Amino acid sequence: MTTPATRKLGPALRRPGVEQVARAAPSSPMVPGRAGHRPVAIVDLEASALPPAVQVPRHYGSALVLFRWHGVPVGQAVLPVREGRVPADLLRAALEREAAPRIARRELRRWLGAPEDEAVGPLPSVSVAVCTRDRPEDLARCLAALARLPDTGHEVLVVDSASHGDATRQVVAAHPGVRYLREARPGLDRARNRALREARHEVVAFTDDDAAVDAGWLTAIRRRFGDARTLCVTGLTLPLELETPAQVWFERTNGFGRGFDRLAFQGALMNPFRMAVAGAGVNMALRRTVTDRVGPFDEALDAGTPTRSGGDHDMFLRILQAGYQIVYEPAALVWHRHRREWAALEDAVRGYGTGVYALLTRHLLEGEVGAPQLALGWLRWQLHGLWRAWRGVPGAAPVALHLAELRGCLEGPGAYARSRRRLTEMARAERAIAEAGAEA
Amino acid sequence: MLVFLDDDIEPLPTLLATHLDLHARHADEPTAVIGAPIPIRGPRDSYQHIAVWHWWEEQLARMERPGHRFSYQDVFTGVFSLPKGLFMATGTFACDLPESCRDDWEFGIRLLARGTRLLYTREGGGWHHEMRNHAGLHARKLAEGRADVAIARRHPELWPSLRLAQPVAGLARRLVWLAFRSPRLAERFERLAARVLPALERLGARGTWRQVQGAALHSAYWRGVAVELGGQSPARELRRLAAHAQERRRVAPPRILRLDLAWGLPAAEFALEAARPHGAELRWGAIPLGHIAAAPGHERLRGRHLRMELAGPLAPRLMVALALGAGARD
């Protein structure tokens with residue numbers, strides 16, 4: 001579910017397309033079933049050469065169309081599929097409705113000889129980092145997409161976060177030039193910190209193992225680090241597939257997209273607890289100096305720990321608290337494979353709730369008054385959502401998702417305490433081993 | 001060549017070479033070079049330090065944008081170079097401004113009035129070790145209020161560009177009233193705010209901190225304005241200054257160039273470079289596009305300013321004109 005912070009962003013996030021996707025899926029108040037569900041095709045379209053019609057397999061009921069203009073994403077729409085085709089008149093109308101002002105602006109800048117994407121200052125060198133755990137198939141697709149990036153002198157690191165077996169190492173071995181790093185203990189933030197330590201370049205661009213980057217991703221990220229205030233760049237994340245009801249609902253309630261306009265979030269001017277509007281860890285790049293400026297990722301947060309998520313938003317929050325800037329760049333596109341199964345979606349949503357309240361607990365313990373304010377605001381908003389779902393208000397998310405998230409929220413503070421305790425114990429054990437070794 | 005450096009600037013190793021190189025490359029006309037005072041950040045900076053750092057970075061980012069049109073308010077003489085002859089001919093720095101505040105702005109006004117070319121460089125800058133705390137910033141705002149009045153008296157044509165000419169509303173308006181009617185009460189409010197700010201920072205209440213700090217500095221600025229205006233009624237004196245400024249603009253209206261973009265962008269840029277007007281009135285054939293304002297205190301227009309102006313507020317009209325122009329050609 002989107003956070004209240006996300007809601008406050010307003011029209012930029014209210015994507016009519018996603019509303020339509022949601023309506024295409026059948027909904028019971030509790031859990032939407034597969035009966036009557038028709039998957040949504042993903043169509044990636046170059047609008048400067050619009051085809052007469054778009055063909056998709058006949059089993060799709062609708063299509064999420066991404067419009068690009070000379071390769072840069074400028075808008076999206078969900079359109080009905082009729083007999084395996086998205087009709088040309090609908091495409092043209094949607095293009096005009098969703099992307100015309102952006103296209104006009106780009107064309108004007110081109111005419112003026114002052115392109116919108118032009119960088120200020122020299123471009124930084126980048127290390128790409130993928131943190132993974134037990135998802136070799138996803139990782140293979142992710143690395144294949146990374147291999148298609150133009151050569152910018154970047155390096156690719158895979159941090160294996162305590163995967164079982166040898167499959168992850170083998171997938172990496174099939175990609176010469178990719179550096180494999182093994183973390184013996186699980187924890188996404190632990191793996192991210194390892195990547196920040198091991199990276200050789202000025203900027204570390206993170207993507208998830210269940211995502212596939214677009215060919216223009218890295219170039220778009222590099223261009224946005226010209227401003228000294230920018231410590232982080234995030235990008236547009238769209239669904240790789242919308243085949244199951246779970247994926248459709250994930251896109252609707254938790255989708256990572258933040259619109260098609262570049263945004264700069266300035267910590268010195270905004271409430272840093274609105275950090276969720278800036279993006280997500282699936283598509284973020286950080287200056288390596290971030291650890292000196294605001295500290296490393298909190299290893300008590302995110303996947304692989306009891307808190308299950310929240311590491312990326314905690315980092316965004318601290319960047320904004322320190323007055324730095326996060327730039328959202330829609331040209332930095334990543335495709336994310338959402339969870340296919342309903343149970344996995346519920347589990348993920350519950351994990352998001354846990355993570356948010358865990359990170360709020362951390363900041364409450366640090367004496368930030370913004371933390372309880374946000375926690376209460378979020379709770380109020382969730383209860384409102386639950387009430388809407390219970391009443392069967394059209395467009396409301398299923399009750400099961402709300403309940404899962406609420407459960408996660410309630411678990412958050414305890415999960416953070418457990419996670420911190422576990423970290424302390426592990427550190428103590430490591431110290432003891434080191435001392436024993438020294439004595440020996 | 002003179003290179004001015006403030007004592008809180010730690011010059012970059014490239015500073016001198018960059019300034020000399022820029023002067024050598026632009027020897028065709030009088031030129032002054034502004035180096036970037038690059039603000040420094042620490043890991044645990046106070047809200048005050050963050051706010052000041054952000055302000056400086058914002059100024060530098062603005063000047064770095066291609067096609068930036070310099071104003072006297074960009075002239076920071078902490079890292080600054082110009083030929084000695086130009087410095088003397090401009091009349092050196094004014095030493096009689098209240099507490100020597102805004103002396104760089106005042107010098108910039110005279111430099112720009114002579115048609116001097118201003119250049120900005122980050123490589124020719126230095127690390128700026130600005131250590132001002134709230135009390136220091138508060139004193140500075142008081143001095144700025146006084147200095148702005150002095151500038152308004154000396155250069156009335158710049159009235160619209162000064163902070164004291166900007167309209168205020170709501171709480172800000174009430175604080176101006178308080179600073180004019182009861183400066184002692186205003187000072188008490190500022191002292192109270194200074195005591196509250198550390199507590200707000202400890203609580204992490206950034207938004208409230210920003211509001212309280214902004215109100216305190218605003219009050220200090222207007223107290224400074226009131227001090228410099230003097231007399232029984234500072235408000236009346238302020239209105240008199242505004243009227244005088246308006247009169248001055250009527251006497252010496254800015255030079256505006258009429259440009260038709262249908263001639264093509266390079267031709268329009270050439271015309272601007274040759275005429276160096278204060279402002280421009282733009283059209284596309286019979287379609288009016290709008291104005292590039294004759295902003296007081298800004299450098300006169302150059303060819304390089306045109307494209308950025310067109311990409312800004314004039315963009316919607318230009319798009320219409322382009323579409324209609326293309327339609328007419330079809």
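Naming convention: chains lettered A, B, ... in sequence-line order (proteins, then strands); numbering from 1 in each chain. All figures in this text were calculated on a predicted structure; none of them were measured in a lab.
- With a 4.5 Å cut-off on non-hydrogen atoms, B:Leu310 touches chain A through its backbone and its side chain both.
- In this structure, CD in A:Gln325 is found 8.0 Å from NE2 in B:His54, a value given to the nearest 0.5 Å.
- Ranked by non-hydrogen atom pairs under 4.5 Å with chain B, the options A:Arg293, A:Glu107, A:Gln321, A:Gln266 are led by A:Gln321.
- With a 4.5 angstrom heavy-atom cutoff, A:Val294 does not touch chain B via any of its atoms.
- Residue with the most contacts toward chain A among B:Met308, B:Met319, B:Glu64, B:Arg210: B:Arg210 (heavy-atom pairs, distance under 4.5 Å).
- Looking at A:Arg229, both its backbone and its side chain come within 4.5 Å of chain B, counting heavy atoms on both sides.
- Atom CZ of B:Arg41 is separated from atom CG of A:Leu231 by 9.0 Å, given to the nearest 0.5 angstrom.
- A pairwise comparison of heavy atoms in A:Ala268 and B:Ile50 identifies CB-CG2, 4.3 Å as the closest pair.
- Heavy atoms from other residues, nucleotides or ligands lying under 6.0 Å from CD of A:Glu46 number more than 12.
- B:Arg44 does not touch chain A: none of its heavy atoms, backbone or side chain, sits under 4.5 Å away.
- Across A:Ala322, A:Ala114, A:Ala104, the residue that shares the most heavy-atom pairs under 4.5 angstrom with chain B is A:Ala322.
- Looking at B:Arg307, the atoms closer than 4.5 Å to chain A (heavy atoms on both sides) sit in the backbone and in the side chain alike.
- A:Leu112 contributes atom CG, which lies 8.0 Å from atom CG of B:Leu322 (distance to the nearest 0.5 angstrom).
- Only the side chain of B:Trp53 comes within contact range of chain A, judged by heavy atoms closer than 4.5 Å.
- With a 4.5 angstrom heavy-atom cutoff, A:Pro272 touches chain B only via side-chain atoms.
- Listed here is the closest heavy atom pair of A:Asp227 and B:Ala61: OD2-CB, 4.1 Å.
- Between B:Glu57 and A:Ala228, the closest heavy-atom pair is OE2-CB, 3.7 Å.
- Heavy atoms of B:Ala51 lying under 4.5 Å from chain A are absent altogether.
- Surrounding CH2 of A:Trp111 are more than 12 heavy atoms belonging to other residues, nucleotides or ligands, all under 6.0 Å away.
- Remark: B:Arg62 CZ is packed, more than 12 non-hydrogen atoms of other residues, nucleotides or ligands lying under 6.0 Å away.
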